[in-house]
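These notes are about the structure you will find just below.
Per chain, numbering begins at 1; letters A, B, ... match sequence-line order.
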Number of protein chains: 4
Amino acid sequence: MWLRIGCDLLFEIEVPTPFILMLRPKSGLNQWVARDEFKIKPNIPVLEFTDDYGNLCQRLIAPPGYFSIQTNADVKTAEFVDIAPGAHFVDIQNLPDNILSYLLPSRYCESDRFNELAMEITYNQLPGYDQVTAIETWLRNTISYIPGSSDYPISSIEVNYRQSGVCRDLAHLGIALCRALSIPARMAVGYLYKLEPMDMHAWFEAYVGGRWYTFDATQIGPKGGYVTVGYGHDAADVALFNQFGPSVYPISQTVTVEKLIDENNYY
Amino acid sequence: MWLRIGCDLLFEIEVPTPFILMLRPKSGLNQWVARDEFKIKPNIPVLEFTDDYGNLCQRLIAPPGYFSIQTNADVKTAEFVDIAPGAHFVDIQNLPDNILSYLLPSRYCESDRFNELAMEITYNQLPGYDQVTAIETWLRNTISYIPGSSDYPISSIEVNYRQSGVCRDLAHLGIALCRALSIPARMAVGYLYKLEPMDMHAWFEAYVGGRWYTFDATQIGPKGGYVTVGYGHDAADVALFNQFGPSVYPISQTVTVEKLIDENNYY
Amino acid sequence: MWLRIGCDLLFEIEVPTPFILMLRPKSGLNQWVARDEFKIKPNIPVLEFTDDYGNLCQRLIAPPGYFSIQTNADVKTAEFVDIAPGAHFVDIQNLPDNILSYLLPSRYCESDRFNELAMEITYNQLPGYDQVTAIETWLRNTISYIPGSSDYPISSIEVNYRQSGVCRDLAHLGIALCRALSIPARMAVGYLYKLEPMDMHAWFEAYVGGRWYTFDATQIGPKGGYVTVGYGHDAADVALFNQFGPSVYPISQTVTVEKLIDENNYY
Amino acid sequence: MWLRIGCDLLFEIEVPTPFILMLRPKSGLNQWVARDEFKIKPNIPVLEFTDDYGNLCQRLIAPPGYFSIQTNADVKTAEFVDIAPGAHFVDIQNLPDNILSYLLPSRYCESDRFNELAMEITYNQLPGYDQVTAIETWLRNTISYIPGSSDYPISSIEVNYRQSGVCRDLAHLGIALCRALSIPARMAVGYLYKLEPMDMHAWFEAYVGGRWYTFDATQIGPKGGYVTVGYGHDAADVALFNQFGPSVYPISQTVTVEKLIDENNYY
């Protein structure tokens with residue numbers, strides 16, 4: 001399916017403020033970006049770079065006054081994410097070198113503290129994909145998904161304690177539980193078609209059966225329409241914007257995801 | 001200055017043909033891509049990757065029949081390239097590790113065979129930028145630039161023997177001469193505003209005074225309006241398309257570079 | 001100065017156990033490894049790779065029974081680490097791309113929770129090196145350094161609460177405080193000449209004045225004799241060994257650091 | 001098998017001379033370096049880095065006078081290289097991204113000029129491994145292998161014209177012929193047990209059946225005992241030493257490869 005996605009941010013800046021942005025989707029295994037647009041007003045210099053995870057990032061210094069970022073893109077993505085019940089657990093010794101770091105605990109995913117809970121949740125499951133499905137189901141049934149309920153990241157221990165959270169929080173706990181079972185897991189942020197209420201979204205991926213699979217405890221049933229703008233160990237790596245100096249918050253943020261119906265008119 | 005650049009290619013394919021394309025400009029130190037579009041018809045699967053030089057490449061298998069690639073982008077680039085007469089030669093021991101390979105001979109730049117000529121051309125010049133300027137001037141005065149005179153790459157030895165060539169050929173000889181003096185040099189391909197006749201273009205960069213500078217023996221005087229789509233050791237690394245199996249050639253190729261006059265209407 | 005460093009580990013393994021080791025020093029900007037030896041008994045297959053931080057790592061599956069790792073190396077390192085009082089804070093926009101991730105919070109360094117404390121500790125200091133010195137001094141005076149007092153990593157919040165810790169703990173808190181000031185900071189693990197009691201060691205580095213500098217709150221005065229085996233965001237990235245499956249602990253661990261007196265006899 | 005390999009070089013330097021060395025074997029998929037030693041006299045500063053191909057390189061400035069490099073290492077390598085008659089040709093679209101550049105022509109392997117010869121040599125062969133075997137056999141039967149017959153690299157066109165060459169020359173022609181068939185091929189340099197006469201050696205690898213396989217037209221029958229110190233597109237990438245400024249040549253070079261008979265005494 002073809003999606004036209006967009007995110008507009010508006011800030012009011014008081015002192016010159018360095019920003020690092022992660023809002024630009026990149027073509028990859030799971031998506032093809034056929035068109036994209038990234039407008040910044042005022043029209044200040046921007047430096048783009050690719051971070052250690054392969055994400056496209058932009059660096060700039062926002063000047064005092066109104067500062068807006070308008071991004072949109074046309075992206076081809078899967079109608080339904082791949083699923084693979086029964087896909088096997090990959091033995092540590094067979095994991096690719098560059099996957100190993102996704103076994104380690106990270107800022108918001110203290111996987112070293114979740115061994116028991118992970119064992120309990122996945123009791124009797126076949127090692128691999130089915131364990132992750134059990135984790136996803138447990139999250140869906142146990143942790144209340146309350147969009148907009150939190151502004152800043154909290155760690156998986158806190159999420160588990162609160163038993164509720166935003167999409168990012170459910171993803172963090174899912175990642176921590178996977179890693180506790182020696183299943184590599186990472187965070188993805190981006191867009192989801194028909195998300196309610198519409199906003200930027202976060203979910204997680206687990207590496208089983210020799211590749212990454214998508215999991216999302218905030219949604220029911222195998223869905224599709226995901227567009228990723230960033231991958232990382234957890235939310236610390238994939239902030240849509242990192243800003244330095246006195247805190248600024250968007251005074252408006254508009255996210256849109258629309259399906260290109262007659263895609264052949266476009267592509 | 002803001003440029004709207006575009007390259008459309010049309011092929012007629014007989015058997016399914018693997019392609020690797022390098023036509024998509026990327027934001028970097030010298031340019032900011034604010035909008036880009038990359039359309040392929042028919043709408044087949046494409047995989048995008050970043051090669052060892054940081055270039056964006058696309059892989060696909062073109063099916064039999066007409067096959068078209070339409071690309072265009074809005075890019076902010078310098079009105080005039082930077083110049084730095086007198087910029088010093090960088091001692092080998094001070095070159096960054098990742099620059100060193102640009103000292104080595106490559107397929108079309110047999111720098112190991114040009115020591116004497118390079119010494120002769122740059123006699124009495126200050127080591128560094130001024131040597132490269134002398135090389136550029138010598139190329140401009142010695143090697144006739146005849147656009148369209150050749151279809152496939154020839155190496156610097158052959159260029160020097162023929163004393164004429166296309167933009168790529170002059171760049172190859174310039175690179176070989178620089179490397180013969182232990183000045184790192186690389187090839188760039190892309191677009192040039194007001195190029196006559198309009199086409200894709202090639203030029204070279206030399207690393208002096210601690211950074212890369214642009215040189216182009218096919219043009220007079222310090223110009224600007226360059227948009228790069230690929231960097232490499234020479235033309236072998238930066239083909240606009242590599243195609244495997246029975247040879248196919250574009251049945252049409254249209255290149256456009258236009259200035260966005262009222263840029264504030266756009267950006 | 002030339003050091004001969006060594007670390008021998010002995011395990012008793014019950015079930016085949018995948019290990020990832022990080023015990024092999026690598027030559028770099030601050031050290032030159034002229035000789036090194038890495039013996040594993042029994043003589044099983046080992047795969048070596050370089051991780052995302054440039055550390056040399058080894059992967060293997062230890063078979064049941066005694067399993068030993070014996071490493072030693074001759075390394076040239078600085079007699080005194082470089083110091084640079086007054087070295088300036090590097091503005092975010094001037095940090096190299098690959099340094100930026102060292103500004104982010106990580107598993108054991110919750111820098112997002114230390115803004116106030118960091119401001120307080122560095123009150124009136126010149127931004128940059130002097131702030132880090134103030135942090136180092138504060139750690140030395142405030143957090144009791146008790147070698148051997150803890151077996152597994154705790155995070156900077158917990159360290160600050162306990163007001164005591166091992167070398168790793170002081171480093172974690174130091175890193176968190178630096179990052180809270182937007183100073184990139186990273187963890188280093190390895191050897192230190194004349195460390196008392198002798199053991200593997202951990203310290204931290206801060207990026208100010210355009211390069212990394214060494215800080216170590218567990219020691220008095222500018223010292224030298226550091227040999228690094230791993231760099232990372234925090235202890236999660238630089239475990240000397242990561243082991244998967246049922247926990248195993250070394251039944252013996254011997255660390256030695258000796259000075260090569262007549263170095264010209266050796267090198 | 002375990003080999004103790006060594007290479008000693010002695011230079012007499014007249015003016016301070018920058019060197020880049022590639023003499024230090026690295027552990028990898030095919031070899032495990034358990035011990036290594038790299039002595040430089042006089043004991044000047046050395047910087048080690050890993051190049052774009054993953055090779056360990058050292059940078060230094062040799063001072064006037066005698067300058068010696070003594071290297072040796074204990075390496076576990078295969079008794080016989082793997083062979084895989086019938087292993088399939090990998091379709092371009094299935095090659096990993098980082099393998100693609102090994103399809104391109106390079107300085108000494110003008111693969112773009114060998115299509116016809118490659119087709120002729122491999123006529124009737126199954127695409128893939130068997131084609132490379134046919135190329136290897138053709139080289140062995142056609143190009144006289146004359147150790148020591150040449151000092152500097154010549155390109156595959158010249159090798160084919162001369163019909164004789166050193167190990168490097170046969171490898172270059174083999175690589176060019178493979179790439180002409182769209183089989184990725186790369187050069188390897190290093191040591192070979194029982195090479196006659198003993199010296200540093202060069203051979204080539206071809207990517208078929210999903211991995212690299214070793215080929216060596218200078219030797220008869222499947223052998224083993226290879227230790228690699230460098231991989232690259234061709235000899236331009238894997239010089240044992242690159243030296244800048246007035247040419248210097250080793251006044252002595254000693255290469256040794258000995259088998260560790262009672263390896264358990266060592267490892």
Out of curiosity, D:Leu47 CG to C:Ser27 OG, how far, rounded to the nearest 0.5 Å?
-> 9.0 Å
Indicate yes or no: at least one non-hydrogen side-chain atom of C:Thr50 is less than 4.5 angstrom from one of D:Lys26.
-> yes
Side chain, backbone, both or neither of C:Gln58 within contact of chain D (heavy atoms, under 4.5 Å) = side chain
Write down the atom of D:Arg24, the atom of C:Val33, and the distance for their closest heavy-atom approach.
-> NH2-O, 2.7 Å
Between CG on residue D:Asp74 and CD on residue C:Glu37, distance to nearest 0.5 Å | 7.5 Å
Please report the closest heavy-atom contact between C:Lys76 and D:Asn43, naming both atoms and the distance.
-> NZ-OD1, 3.2 Å
Hey, does D:Phe38 have a side-chain heavy atom less than 4.5 Å from the side chain of C:Arg35?
-> no
Check whether more than 12 heavy atoms from other residues, nucleotides or ligands sit under 6.0 Å from atom CD of D:Glu14, and answer yes or no.
-> no
Could you tell me whether C:Lys194 atom NZ has more than 12 heavy atoms of other residues or ligands within 6.0 Å of it?
-> no
Side chain / backbone / both / neither for C:Leu29 at chain D, heavy atoms under 4.5 Å | both
If you tally heavy-atom pairs under 4.5 Å against chain C, which of D:Lys39, D:Gln31, D:Lys41 wins?
-> D:Lys39
